[in-house]
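All chains are named by letter (A, B, ...) in the order of the sequence lines, taking the proteins before the strands, and each is independently numbered beginning at 1. Treat the numbers as computed from the prediction; the structure is a model and nothing was measured.
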Number of protein chains: 2
Amino acid sequence: MSDYISSNTMKRLPFYLEYLLKIRDEGIVNVSSKAIAVALNLGEVQVRKDLASISKNGRPKIGYEINSLIGDLQKFLGYKDLTDAVIFGAGKLGTALLDYNGFEECGLNVLMAFDSNPKKAGKSDSGKPIYTLDELPMIAKSMNISIAIIAVPAQHAQEVCDIIVENGIKAILNFAPVHLDAPKDVIIKNENLAYSLALLSIELKAKK
Amino acid sequence: MSDYISSNTMKRLPFYLEYLLKIRDEGIVNVSSKAIAVALNLGEVQVRKDLASISKNGRPKIGYEINSLIGDLQKFLGYKDLTDAVIFGAGKLGTALLDYNGFEECGLNVLMAFDSNPKKAGKSDSGKPIYTLDELPMIAKSMNISIAIIAVPAQHAQEVCDIIVENGIKAILNFAPVHLDAPKDVIIKNENLAYSLALLSIELKAKK
DNA sequence: TGTGTTTCGATAAAATAATATCGATAACTA
DNA sequence: TAGTTATCGATATTATTTTATCGAAACACA
Ligand SMILES: NC(=O)c1ccc[n+]([C@@H]2O[C@H](COP(=O)([O-])OP(=O)(O)OC[C@H]3O[C@@H](n4cnc5c(N)ncnc54)[C@H](O)[C@@H]3O)[C@@H](O)[C@H]2O)c1
Ligand SMILES: NC(=O)c1ccc[n+]([C@@H]2O[C@H](COP(=O)([O-])OP(=O)(O)OC[C@H]3O[C@@H](n4cnc5c(N)ncnc54)[C@H](O)[C@@H]3O)[C@@H](O)[C@H]2O)c1
């Protein structure tokens, strides 16, 4: 168990967890780094290194005990204690995210959405509340929102970002295809689906 | 203009493009690597290196000529010649993607969706066609689909992946939170939104 | 109990990526 | 026109990440 974990390693951890959960369902109790490496298309040394950074229970000849490895992964990934998140922009993408029930198992509690358009206010299909933007200050004060998800049109993303920062939220996942400026104690991650697709297309062309 | 471009560099290129388009609108004609670096929070040497890999027109004291740099970026990123993509799963996420009009400007042409549920067949809000899954072979044969986007429930993702591969599509963007197995000449990229959020939450906790 | 096999973790080496340094060049200024 | 400055690109350095190597631990089985 080392102290620092690289972001590349972090990105692989969820895949280990997913795979381990799958094979545990199949009744497997122990697994070797080699088996994991083959299944996920990674190097086995890399697998051992990654796992060593969050767990410490590999045994020669035996491999890893799946249950405790899963436990360590879930603990590290914070899939136990929920983090509260809210969405800005209750449009197509925003409501898809709001009504998606797969976040809980990753430790995320998507609570509500905010939209500038009062007509959007009310409840989503799955029954989660949608508020108007001016209700944010009050709500933010009374509860501890950790993460904001931006799903508003690009031209409004920066202004929404500013409002988010003003209300004390320190982490933002931004789906709008623009670079956002914010104080550097605010963590911003850009999730640009169009770029992901474009990069895939580039790789495809490069291969031929 | 070098030959090989690292994936880290590739991920940064769209941000350069976005920024350059923005400042071009403001009437700026030349820009220095330093200005770009400051705006996007990168190292200025890194910016020069990245840009050198796709363009070659920086001039001492002047910087880069924005127009030609934009041209080179767009050309490299393939934002001119459109690549055709289709979506599997016309649920909440799938239709949000289908009706999103921001892909075109990144060179992606999202044509249609396929869903196993016949009730979904017809047209989306924006008028794009939704077909049943069994219509895929015929359609795939008559046109050149480059990219498949998987937006079906996790438990069906692998079976849909198999169908996609059978129909000759060589690149997949997978939104289902499962690892997919496919022949290694098929490029698979996982876009797991829940993990992105979870990682943000981990970083946030680590900072405090 | 001893030998062989598997698999781990630690350490070393190689590959990749980021950052720093510096001479060269082009524009500006006096 | 000569000196000054901003900025580039090339090269060198440093840091990070991946991959290889190898001794030791743990079990199987004779
Ligand atoms: N739909 C997709 O698949 C997709 C894919 C990639 C990126 N995006 C990006 O996600 C964002 C949302 O896309 P969408 O398709 O859901 O758009 P949308 O038009 O369906 O929804 C946008 C919502 O934001 C609300 N809004 C506008 N200004 C606001 C403000 N200042 N504060 C709060 N809410 C505001 C609107 O009322 C609307 O409900 C866009 O930036 C888009 O570029 C979407
Ligand atoms: N909604 C989100 O914000 C979100 C976020 C992250 C990941 N995801 C993932 O994206 C996928 C879709 O999510 P969603 O919220 O749109 O779900 P959804 O239930 O709204 O839609 C799923 C659609 O897939 C169709 N489908 C089922 N089996 C199919 C098959 N074999 N072939 C073709 N179509 C099939 C269904 O008929 C349905 O229309 C899921 O894997 C989910 O985990 C969704």
Respond yes when some side-chain nitrogen or oxygen of A/Asn8 is under 4.0 Å from OP1 or OP2 of D/dT16, and no when none is.
no
Parallel, tilted or perpendicular for A/Tyr79 and B/Tyr195, by the 30°/60° rule?
parallel
Select one nucleotide: of C/dA26, C/dA18, D/dC27, the one nearest the side-chain heavy atoms of A/Lys61.
D/dC27
Would you call the rings of B/Phe15 and A/His179 parallel, tilted or perpendicular, taking 30° and 60° as the class edges?
perpendicular
side-chain N/O B/Tyr64 vs D/dG9 OP1/OP2, d < 4.0 Å:
yes
What is the distance, rounded to the nearest whole Å, between atom CD1 of A/Ile62 and atom C1' of C/dT6?
9 Å
On DNA chain D, compare the nucleotides closest to A/Leu42 and B/Asn57; which residue's is nearer the 5' end?
B/Asn57
Sole candidate of B/Ile169, B/Ile172, B/Leu108 that passes side chain to side chain contact (heavy atoms under 4.5 Å, CB included) when paired with B/Ile147:
B/Leu108
Indicate whether OP1 or OP2 belonging to D/dT7 is found under 4.0 Å from a side-chain N or O atom of B/Arg59.
no
Is a donor from one side chain sitting under 3.5 angstrom from an acceptor on the other, for B/Gln158 and B/Asp162?
yes
Spacing of B/Lys56 atom NZ relative to D/dC8 atom C1', expressed in whole Å:
14 Å
What integer distance in Å separates A/Lys49:NZ from D/dT16:C1'?
10 Å
Please state how far atom CE in A/Met10 lies from atom P in D/dT18, giving the value in whole angstrom units.
13 Å
If we ignore hydrogens and angles and just use 3.5 Å, is the side chain of A/Asn30 paired with the main-chain N or O of A/Ile62 as donor and acceptor?
no
Phosphate contact (C/dC8 OP1 or OP2) by A/Ser33 side-chain N/O below 4.0 Å
yes
Rounding to an integer number of Å, can you tell me how far A/Arg48 CZ sits from D/dC22 P?
14 Å
Calculate the interatomic distance between B/Glu65 atom CD and D/dT7 atom P; express it in whole Å.
16 Å
Closest of D/dT7, D/dT21, D/dA26 to the A/Pro60 side chain is D/dA26
When the distance from CD1 of A/Ile36 to P of C/dG9 is rounded to whole Å, what number comes out?
11 Å
Using a 4.0 Å heavy-atom cut-off, does A/Thr9 contact any base of the nucleic acid, only the sugar-phosphate backbone, or nothing at all?
nothing
I need the CD-P distance between B/Gln46 and D/dT16, as an integer number of Å.
14 Å
Want to settle it: does A/Ser7 or B/Lys34 sit nearer the 5' end of DNA chain D, counting the closest nucleotide to each?
B/Lys34
